[in-house]
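Remember, it's a predicted structure, so these values are computed and weren't measured experimentally.
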Amino acid sequence: MLAVNPILPELLLAVGAMVLLMIGAFSRDGAYGLIRTLSLVLFGLAAFVLLAFVDSPADAFGGMFRVDAFAVFVKVLILVAAGFALMVADDYLAYRGLRRFEYPVLILLATVGMMLMVSAHTLLALYVGLELQSLALYVLAAFNRDRLRSSEAGLKYFVLGALASGMLLYGISLIYGFSGTLDFAILAERLKNPATVHPGLLTGLVFLFAGLVFKISAVPFHMWTPDVYEGAPTPVTALFAGAPKAAAMALILRVLMEAFPGMVEEWRQLVIIVAIATMAVGSFAALVQTNIKRLMAYSSIANMGFALAGVAAATPEGVRGVLIYMVIYVLMTVGSFALILAMRREDGWSEEIEDLAGLATTRPAMAAAMAIFMFSLAGIPLLAGFFAKLYVFLAVVHAGLVWLAVVGFIFSVVAAVYYLRIVKVMYLDPPKVEFSPIAGSGIPFVAGVTAALNSPLHLLFIWPLVLVAGIAANALF
Amino acid sequence: MIWTAFAFYVFAFFTVFAAVMVIFARNPVHSVLYLILAFFNAAALFLLAGAEFLALLLLIVYVGAVMVLFLFVVMMLDIDFVALREGFARYLPIGLIIGLLLIAELMVVATSASVLPGAPLDVALPFAKFIGMDNTQALGTVLYTDFVYPFQIAGLILLVAMIGAIVLTLRHRPDARRQKIGEQVRRDPARAVRLVHLAPGEGLGQTESD
């Protein structure tokens with residue numbers, strides 16, 4: 001058995017990314033097509049190695065890196081989300097003249113960072129993983145450097161992200177100063193009795209939490225989200241909305257459940273306040289949006305609020321709910337973005353919601369898939385999104401926070417209004433814009449698969465998912 | 001012993017003096033030079049404290065690389081520093097408030113004796129292991145063993161930064177004239193030089209050139 005066995009999939013992706021970088025740098029035309037295909041193969045291979053060869057639970061590097069059922073579950077989700085995001089990019093990159101080999105390579109390296117985040121078992125490993133992921137994403141946001149919006153998105157994301165990293169580091173240094181350790185297990189041991197904990201450590205926890213919720217764009221650290229989602233190239237937005245959110249949410253779960261289990265009462269108030277504010281802003285601000293990318297940004301904010309409600313439960317059932325929520329959220333969001341990438345007219349992409357008018361008559365299949373995603377995001381029964389919210393709110397109720405579940409339910413009704421507005425525009429308004437056909441099979445494939453998994457067909461898969469998520473959640477307790 | 005104390009006060013005084021002058025110097029180039037002075041004195045303070053590795057790091061990395069870069073940026077960018085200073089009075093109150101808050105926080109940290117029981121004894125790195133080693137050796141001992149994982153990931157982060165810098169700034173310019181050493185070396189003198197007889201009063205006329 002190798003000493004590096006627990007980190008084998010990440011090693012594979014990192015080395016693979018460097019090899020692909022060399023291939024791209026030394027080939028004359030950049031070989032985007034080849035590198036993109038090989039990157040997808042690497043994603044598949046990493047998932048295979050993770051499931052077949054990695055022994056879990058196991059620790060590596062003196063306890064800095066931990067792989068357990070929870071890590072494996074989230075890593076597979078990250079690999080799928082990142083792979084889907086890479087698949088839907090072809091048509092857009094070709095049209096915009098952005099078929100550069102660095103694109104898949106940066107996604108690969110960002111994925112490595114996300115996987116390291118999920119496995120982080122000390123605050124130091126947490127920070128380096130987070131930074132690797134963030135830096136690659138900053139560059140991707142500004143990837144279309146000749147467009148002002150894209151550069152602005154990259155710069156904004158970078159400056160605010162650096163601020164969040166500063167807060168995170170300040171929090172970590174306070175926690176280290178008052179506890180003398182960076183290791184999650186030792187922290188949990190030392191902080192068993194909240195009465196002996198110095199307020200300075202609590203301050204550190206607040207800063208750490210603030211730095212982490214920036215990454216899932218929870219209120220009050222959500223301001224960057226709409227601008228970055230709108231300004232970044234759409235395939236990059238499709239990536240932003242999926243894998244990094246899952247990774248950051250997993251990181252929050254691991255830090256709170258593994259490092260600070262003794263201080264539940266302290267951090268729970270924080271999580272509840274942030275969750276309610278996030279649900280409220282996400283739901284109400286989305287009502288007035290006309291740009292579909294901004295709408296999806298607020299939608300992802302609101303969804304993170306619902307998932308945070310599950311974190312507040314602080315029970316294995318709550319963690320299970322959050323994991324189920326993240327899986328279904330990723331499927332809904334990546335699918336929606338695949339369809340947004342298909343909204344291309346003669347003269348470029350349309351991002352206005354009203355351009356979807358009459359889609360049901362011009363493109364019935366696309367309209368049907370979009371309707372499935374919107375109903376699912378709204379949490380209508382018979383679609384996957386309903387179960388996502390159900391399991392989270394059930395856990396919240398069982399944890400004795402009935403009022404929080406009620407608040408969440410009210411906000412999900414508000415959020416349903418704007419999802420249903422899109423369906424109304426597609427099915428009841430007369431057609432206005434003709435979309436041109438898109439190249440490549442990536443978008444139809446991703447949209448088809450995710451739509452099928454969100455449609456009532458999901459009833460076949462939801463029970464195994466609940467079972468596996470339950471096993472993964474128990475690994476944290 | 002008295003000399004150590006004397007050296008400490010000298011270096012400490014110049015550090016603080018240079019730091020104050022960074023803010024109050026009118027000319028931004030002078031500000032950068034004062035910052036370099038501050039770094040030099042801080043390095044000397046590190047030396048006095050027995051942290052020779054940090055002292056050299058500060059000189060090589062900050063003075064040698066970062067500050068020279070700063071100097072280039074300040075000298076090459078045409079920044080209107082008078083305009084930058086305009087908001088000074090307007091932002092002074094909020095700056096003071098934030099400064100006071102930071103000082104208050106530092107007081108809390110500095111005056112709190114109640115660190116978790118047992119915590120100072122075994123911080124992430126127990127110091128007993130390093131007795132009798134110099135700084136460089138001690139850092140090397142842990143950097144490639146206990147901390148090889150974050151060290152390698154930091155390397156990966158730098159790789160991403162490098163790719164990012166190239167992706168965002170590199171432009172291939174087909175019209176740029178570059179040196180082609182191979183072609184230059186292969187060049188045949190017989191083809192490169194041609195002797196032409198010119199009668200007085202006649203120009204060269206139209207000739208081919210390569």
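- Looking at A:Leu140, there are no atoms closer than 4.5 Å to chain B (heavy atoms on both sides), in backbone or side chain.
- Contacts of A:Tyr103 with chain B are absent, with no heavy-atom separation under 4.5 Å from either backbone or side chain.
- Contacts between A:Leu124 and chain B at a heavy-atom distance below 4.5 Å involve the side chain alone, from C-beta outward.
- When each of A:Arg145, A:Glu131, A:Glu102 is scored by its heavy-atom pairs under 4.5 Å with chain B, the top score falls to A:Arg145.
- Rounding to the nearest 0.5 angstrom, the gap separating the CG atom in A:Leu11 from the CD atom in B:Gln152 is 9.5 Å.
- Within 6.0 Å of CZ in B:Phe39 there are more than 12 heavy atoms belonging to other residues, nucleotides or ligands.
- Under the 30°/60° scheme for interplanar angles, the aromatic rings of B:Tyr149 and A:Phe61 are found to lie parallel.
- Using a 4.5 Å cut-off between heavy atoms, B:Val167 contacts chain A through both its backbone and its side chain.
- With a 4.5 Å cut-off on non-hydrogen atoms, A:Leu109 touches chain B through its side chain but not through its backbone.
- For a residue to count as touching a neighbouring chain, one of its non-hydrogen atoms must lie under 4.5 Å from one of that chain's; by this rule A:Asp146 touches chain B with the side chain only.
- Around CZ of A:Phe209, the count of heavy atoms belonging to other residues, nucleotides or ligands within 6.0 Å exceeds 12.
- In terms of heavy-atom pairs under 4.5 Å with chain A, the best-connected choice from B:Ile166, B:Leu159, B:Ile153 is B:Ile153.
- The two residues B:Leu156 and A:Ala14 come nearest to each other via the heavy atoms CD2-CB, 4.1 Å.
- Proximity to chain B is limited to the side chain of A:Ile7, based on heavy atoms less than 4.5 angstrom apart.
- The 12-atom threshold is not exceeded at CZ of A:Arg147, counting heavy atoms of other residues, nucleotides or ligands nearer than 6.0 Å.
- Taking both residues in full, the closest heavy atoms of A:Ala142 and B:Leu168 are given as O-CD2, 3.4 Å, listed atom of the first, atom of the second, then distance.
- With chain A as the partner, the residue from B:Ile157, B:Leu158, B:Thr169, B:Ile163 showing the most heavy-atom pairs under 4.5 Å is B:Ile157.
- In the displayed structure, B:Ile94 atom CD1 is contacted under 6.0 Å by at most 12 heavy atoms of other residues, nucleotides or ligands.
- Environment of OH in A:Tyr170: crowded, with over 12 heavy atoms of neighbouring residues, nucleotides or ligands closer than 6.0 Å.
- Using a 4.5 Å heavy-atom threshold, the side chains of B:Val148 and A:Met64 count as separate.
- Dense packing is recorded around CE of B:Met133, with more than 12 heavy atoms of other residues, nucleotides or ligands lying under 6.0 Å away.
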